[in-house]
Amino acid sequence: MNVNQKKHIITDLTEIVGKSHIITTHWKMYPFSKGWRYGEGDAIAVVKPGKLIEIWKLLELCIKHDLIIIMQAANTGLTGGSTPFGHNYDRQVLIINTLRINDIHIINNGRQIVGLAGSTLYNLENKLGPLKREPHSVIGSTSIGASIIGGVCNNSGGSLVKRGPAFTELALYARINKNGKLELINELGIYLGSKPEEILNNLENKNYKDSDIVNTKKLASDNMYSSIVKGIDSERPSRFNSDPRLLNEVSGNAGKNAVFAVRLDTYPAAKKNRVFYLGTNNVDVFWKLRRDVLSKFKTLPTLGDYLHRDCYDATKKYSKDTFVVIERLGTNFLPTLFELKRKVDIIASKLSFLPNKLSDRIMQFLSYCWPNHLPKKMDEFRDLYEHHWIIQMSDDGIEEADKFFQDFFKINDGSYFKCNPNESKKAMLQRFVAASSIGRYHALNESKLGEMLSLDIALPRNEKDWFEKLPKDMDDLFEMKLYYGHLFCHVLHQNYILKKGVDGEKIKEKLLKTYEKRGVEFPAEHNVGHEYKAKPVLTNLYKKLDPTNSFNPGIGGTSKLKNWK
Ligand SMILES: Cc1cc2nc3c(=O)[nH]c(=O)nc-3n(C[C@H](O)[C@H](O)[C@H](O)COP(=O)(O)OP(=O)(O)OC[C@H]3O[C@@H](n4cnc5c(N)ncnc54)[C@H](O)[C@@H]3O)c2cc1C
């Protein structure tokens, strides 16, 4: 593409979104063209539309200029699926970031919501609070601004034991058909008109009545999960990204079309909640406890997240600044912080005497000046126990769990304590910011370390050996291993840093092969991005949804070329 063609495209894009909502300089694009933890690539521009109709016009323009489209929300995806990857695309890439279009409509007396393209889980929680309802999904990145639709497109899982991955059959989306024509598909179950412009404007302006909302048998959440998760003797994992049960045009689509809105169920809020903090030095104790709770309890836990001691330590040290910022300034401050961080890095890159990753170094330094942010009891458990489990129970389940844990730890290794409100908040936040710690450690020590590697795995529900045991010769290749996850769902996140010079791809292949033999599925909830190879069930879905391969090409190791050549 020559300079004039490029200029022409930028002018066309600017006409749609306005001058202040288009980014074309390389450095300014960085927060949008680089993944949270993995992958980065080139784009002709990042555009931030402010209206649904602007997304539609941008898509039309992409077809006219033969551009690749990457739909993006909060860009918290961990496997590189929300950004370009590398430089070997056969067309220019446009990133459409939807975060400005963030309205949430409450419908059906609060029992359901309609979330527009960039609406966030955090705002959904706040909006549902006064109605005594809760969202379909609570994930680690709720607290850092992850979107509702990014979650649905990734089938994101998260912490909720009863509700399963983000899933819906009700959505409004656009696709490019096999003749290269743009089509708007309204499967929201809300009558909004017939022409694209009319439909999009009516939705955006909430120009529809209760009588326009159709209630059919179509699902607005995964209604099977609570019974699936209880199936502790099954060889099949409870949830994973290539599960055909949860795949459709929007759910698990990995960005292979453009979603304008989704309709989702909400849930009645519990009257009471209580967090229990458990510790043991014996992995079999947690194995037994998981089986007992899932098979015997009348009330399923609301949430249950595991953390290994090393992960506790790393999170305490390297995610402390994120923890403190969220706790003190709130999630809404994070975009401002990331903007600041980016500016610091731009300046540092221009001045050769300043070190790489300057913003990380500053944040880390500042975090040392802040007093210990974790409760004393949690630190005591850290010293006593290698394995930690944060379990939240609600209503009748609180007494049931308390009585059960009392008896259980009389005869099994370990113990527990009931968190007060402050400890609950901190335990949960500590777990939610765990994903960031490895990246910070790596950024600070890059020159001395090898590659970062992460595995997001779903173990068979009957798997006893849930905690990874590596043979010594393999174990010696790692500088750091951090384990955390959703233990009731048997989903584990295993983050590694290799020693310098060790071939990450080879190690990853070896590890995944051993897991495959044991019936483990991967990825469990982070979606394939550019980190995992998509299984045929996903590849076939992507080809069906996007016959010209215009949206997010290359995802899951598929072809990046037009028309899947
Ligand atoms: C600290 C941290 C904790 C995390 N905890 C969890 C966790 O507990 N559980 C979990 O499952 N994940 C977790 N994640 C991963 C990530 O946050 C989730 O995948 C999240 O749902 C992504 O939301 P997002 O708004 O950032 O979407 P993005 O990353 O922007 O996009 C995700 C995917 O959706 C597509 N997409 C986005 N918007 C649209 C649209 N309008 N139309 C079509 N496609 C679209 C993108 O192309 C991409 O493929 C965590 C990440 C971090 C950094």
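First listed ligand is number 1; within each ligand, the first listed atom is number 1.
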Could you give the distance from OG (Ser424) to CZ (Phe276), rounded to the nearest 0.5 Å?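 Here the interatomic distance stands at 9.5 Å.
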
Please round to the nearest 0.5 Å and tell me the distance separating atom CE of Met452 and atom NE2 of His442.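 Output value for this atom pair is 5.0 Å.
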
Number the atoms of ligand 1 from 1 as they appear, then name those within less than 4.0 Å of a heavy atom of [X], with their elements.
X	value
Ala254	49 (O)
His486	8 (O)
Ile149	39 (C), 40 (C), 41 (N)
Ala258	42 (N)
Trp36	53 (C)
Gly151	21 (O)
Ser147	23 (O), 24 (P), 25 (O)
Ala435	1 (C), 2 (C), 3 (C)

Does the plane of the ring in His308 sit parallel, tilted or perpendicular to the ring in Phe467? Use 30° and 60° as the thresholds.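 Judged by the thresholds at 30° and 60°, the geometry between His308 and Phe467 is parallel.
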
Have a look at Ile95, Val433, Val262, Asn257 and point out the one with the heavy atom closest to atom 43 (C) of ligand 1.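 The nearest heavy atom belongs to Asn257.
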
Is the closest N or O pair between [X] and ligand 1 shorter than 3.5 Å?
X	result
Gly157	yes
Gln72	no
Met71	yes
Val259	yes
Ser159	no
Glu525	yes
Ser141	yes
Ser156	yes
Ala146	no

Quick one about [Y] and [X] (side-chain donor to acceptor, distance below 3.5 Å, no hydrogens or angles considered), yes or no?
X	Y	value
Ser238	Tyr225	yes
Asn155	Ser251	no
Glu468	Tyr496	yes

Residue part near ligand 1, for [X], under 4.0 Å between non-hydrogen atoms:
X	result
Asn154	side chain
Thr76	both
Cys153	side chain
Phe260	neither
Asn552	side chain
Ile144	side chain
His526	side chain

Tyr306 and His388 aromatic centres sub-6.0 Å: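 No, the ring of Tyr306 stays outside the 6.0 Å limit from the ring of His388, centre to centre.
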
Measure centre to centre between the rings of Tyr483 and Trp466, then say whether the value is under 6.0 Å.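 So the answer is no for these two rings.
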
Can you confirm whether more than 12 heavy atoms, excluding those of Lys508, are under 6.0 Å from its NZ atom?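 Yes - once you tally the heavy atoms of other residues, nucleotides and ligands closer than 6.0 Å, there are more than 12.
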
Check this for me: does any side-chain nitrogen of one of Asp103 and Lys206 sit under 4.0 Å from a carboxylate oxygen of the other?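 Salt bridge: no.
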
Within 45 degrees of the ring normal and closer than 6.0 Å to the centroid, is that where the cationic atom of Lys560 sits relative to Phe85?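 Lys560 over Phe85 ring: no.
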
Kindly indicate whether a cation-pi arrangement holds for Lys256 with Phe551, taking the cut-offs as under 6.0 Å to the six-membered ring centre and within 45° of the axis.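 Not flagged: Lys256 not positioned over aromatic ring of Phe551.
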
Ignoring hydrogens, what is the shortest heavy-atom contact between Asp305 and Ser159? Give both atom names and the distance.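 In this case the closest contact between Asp305 and Ser159 is OD2-OG, 2.9 Å.
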
Under 4.0 Å, counting heavy atoms only: does Lys256 come that close to any atom of ligand 1?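 Flag not set, Lys256 not near ligand 1.
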
Donor-acceptor pair, distance only, cut-off 3.5 Å: does the side chain of Asn177 make one with the backbone of Gly180?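 At least one qualifying donor-acceptor pair exists.
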
